Student: 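I have a structure I would like to understand better, so I am pasting it below and will then ask my questions one at a time.
Every heavy atom of this structure was used, including side-chain atoms; hydrogens, water molecules and symmetry mates were not. All values derive from a computational prediction rather than experimental measurement. All chains are named by letter (A, B, ...) in the order of the sequence lines, taking the proteins before the strands, and each is independently numbered beginning at 1.
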Amino acid sequence: MQMIIYMRNVDMNLLKALDALLTEQSVTRAAHRLDLSVSAMSRNLTRLRAVTGDLLLVQAGRKMVLTSYAMEVREHVHEITHEAYSLLQPTQKKLNLDTLERNFTLRANEGFINLIASTLAKELQEKAPKSCLSFIEKFDKNAQALRDGTLDLEVGVIGTNAPEMKTKTLFRDRFVGICCHKHPLLQNDEITVQNYTAYKHIVVSRKNKSRGPVDIELANYGLERQINMVVPSFSTAINIVRNSELIGLIPLSTLGFITTESNISGITYFELPVITPFINISAIWHPHQQDNLEHRWFRETIMKICNSFPIH
DNA sequence: TCCAAAATGCCCTTAGGAAA
DNA sequence: TTTCCTAAGGGCATTTTGGA
């Protein structure tokens, strides 16, 4: 009964204030975020404490920390605040690409950026000349940037840490082997698991994980690769392979899906002697962008470009 | 002791309801 | 429709609190 009486007096600005407070974990920063004075935000916090019956933020030295209740509701508060304000904002009737001034942000690994950057840049220049495109390299799968809108779109393998995200499969990728074009491995009539594992290997891993699906398959033959180098990027691996006798393993997309010519600027790619699972590469975005016309146009542009990739 | 952040007192503005 | 009253929100100034 007490809660019902309180709820009658709750206004939407309190919800917005709660979202800002839980996101910033600071009265001062939350006030700046909503363009209010610190005192006004402090009063908002006092009202929210009365409404929820929870302290929400408590002082821990000079900082404020969330209570367990605040931590529990933080994500939900953010989502419903976004939904509520989207509902009250005027509907976008028409998208005018000629006058669109927007910075689109896309997070992907360097291989995908190399693959799509020039085509996407050309498309944006032609269709939305006043817009800007920022690529962000993928150092982690943190979903917070998608949630708070600082990131428009992520391209990669769907993770499990953000189940609320919207996704769309863009293309299927697969691993191939690479070596320098004079590599003794290529003297063999056929690349077998035996001669594949007879040479030293280089692997790409941002987390220094050197074993993957290929190693699992090789283990079935009682074989393993001798890994001599781990590097954080595919471009680094390609450069090293070009000038060494190390054998590399990269997604075919990194080579731009070139399948008609196996000898590419000093390196040769070849089919692996083991079968590895396909990798589904998807576009990932937050539901709050779902009906945004600008965002829809952006992701549909990327989907259109990816549709031209061969599916292997 | 100084500084930064949060809390609070006081006052002004604004919105909504009631009455003329 | 206009006027008046009340409640609530917000800003300025000040105090309190706690770390460096």
Side-chain angles (χ1 to χ4, degrees), chain A residues 1-96 99-105 107 132 134 136-152 154 161-165 285-295:
Chain A
M1 184 59 188
Q2 192 180 28
M3 192 60 179
I4 294 169
I5 293 168
Y6 279 140
M7 290 305 289
R8 282 180 188 156
N9 297 325
V10 173
D11 76 275
M12 285 290 288
N13 285 325
L14 269 189
L15 189 61
K16 204 171 180 179
L18 178 60
D19 182 37
L21 284 163
L22 299 187
T23 302
E24 298 292 345
Q25 297 185 38
S26 156
V27 174
T28 304
R29 289 198 300 271
H32 289 160
R33 188 186 178 107
L34 297 190
D35 202 21
L36 294 176
S37 68
V38 175
S39 64
M41 185 54 72
S42 177
R43 285 177 206 284
N44 277 332
L45 178 56
T46 303
R47 282 180 220 120
L48 284 162
R49 283 169 172 165
V51 168
T52 61
D54 188 271
L55 287 173
L56 300 169
L57 285 163
V58 290
Q59 284 198 296
R62 293 176 73 168
K63 291 181 175 179
M64 301 286 271
V65 295
L66 299 181
T67 63
S68 56
Y69 168 76
M71 281 193 275
E72 193 180 315
V73 301
R74 179 168 57 173
E75 285 298 321
H76 193 208
V77 166
H78 185 70
E79 283 172 23
I80 62 174
T81 305
H82 229 292
E83 284 180 19
Y85 276 86
S86 299
L87 194 68
L88 294 175
Q89 280 174 355
T91 310
Q92 289 174 284
K93 299 288 183 191
K94 193 181 173 189
L95 176 63
N96 188 343
T99 58
L100 177 61
E101 292 184 35
R102 172 163 174 168
N103 183 23
F104 293 106
T105 51
R107 184 166 67 189
C132 178
S134 300
I136 297 168
E137 183 131 22
K138 197 169 188 167
F139 296 111
D140 56 49
K141 288 193 174 186
N142 184 356
Q144 189 54 39
L146 287 168
R147 292 188 180 118
D148 65 26
T150 53
L151 180 68
D152 286 308
E154 171 151 7
N161 60 334
E164 82 274 25
M165 295 297 167
W285 65 94
H286 193 269
H288 77 254
Q289 302 278 26
Q290 177 70 11
D291 297 323
N292 182 291
L293 292 183
E294 298 164 7
H295 193 276

Student: Would you say a side-chain N or O of A:Ser42 is under 4.0 Å from OP1 or OP2 of B:dT8?
Tutor: no

Student: For the pair made of CG in A:Leu48 and P in B:dA6, what is the distance, rounded to whole Å?
Tutor: 15 Å

Student: In Å, rounded to the nearest 0.5 Å, how long is the span from CD1 of A:Ile136 to CD of A:Glu154?
Tutor: 9.5 Å

Student: Quickly work out the A:Leu21 CG to B:dA7 C1' distance and round it to whole Å.
Tutor: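 It is 14 Å, rounded to the nearest whole Å.
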
Student: Can you check the A:Arg49 CZ to B:dA7 P distance for me, whole Å?
Tutor: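 Taking atom P of B:dA7 as the reference, CZ of A:Arg49 is at 5 Å.
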
Student: Distance from A:Glu72 atom CD to A:Leu22 atom CG, nearest 0.5 Å?
Tutor: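 Interatomic distance, A:Glu72 CD to A:Leu22 CG, rounded to 0.5 Å: 12.0 Å.
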
Student: Whole angstrom is fine here: how far is it from CD in A:Gln25 over to P in B:dA5?
Tutor: 15 Å

Student: Who passes side chain to side chain contact (heavy atoms under 4.5 Å, CB included) against A:Gln25, sequence neighbours left out?
Tutor: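 If we apply the side chain to side chain contact (heavy atoms under 4.5 Å, CB included) test to A:Gln25, skipping adjacent residues, the hits are A:Leu57, A:Leu66, A:Arg74.
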
Student: What pairs of nitrogen or oxygen atoms, one from the protein and one from nucleotides 12-17 of chain C, lie under 3.5 Å apart?
Tutor:
unit_1 : atom_1 : unit_2  : atom_2 : d
C:dC12 : N4     : A:Ser39 : OG     : 2.9

Student: Look at the aromatic rings of A:His78 and A:His286 and report parallel, tilted or perpendicular, splitting at 30° and 60°.
Tutor: perpendicular

Student: Nearest whole angstrom, please: distance from the P of B:dA6 to the CG of A:Leu55.
Tutor: 15 Å

Student: In whole Å, what is the span from the CE atom of A:Met41 to the P atom of C:dG11?
Tutor: 10 Å

Student: Can you identify which nucleotide, out of B:dA6, C:dG10, B:dA7, has its nearest atom closest to the A:Ser26 side chain?
Tutor: B:dA6

Student: Measuring from A:Leu48:CG to A:Leu56:CG, what's the distance to the nearest 0.5 Å?
Tutor: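 Reported value, rounded in 0.5 Å steps: 6.0 Å.
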
Student: Sequence neighbours excluded, which residues qualify as salt bridge (Lys or Arg N to Asp or Glu O under 4.0 Å) partners of A:Arg102?
Tutor: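 Per chain and number, A:Arg102 pairs via salt bridge (Lys or Arg N to Asp or Glu O under 4.0 Å) with A:Asp152, A:Glu294.
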
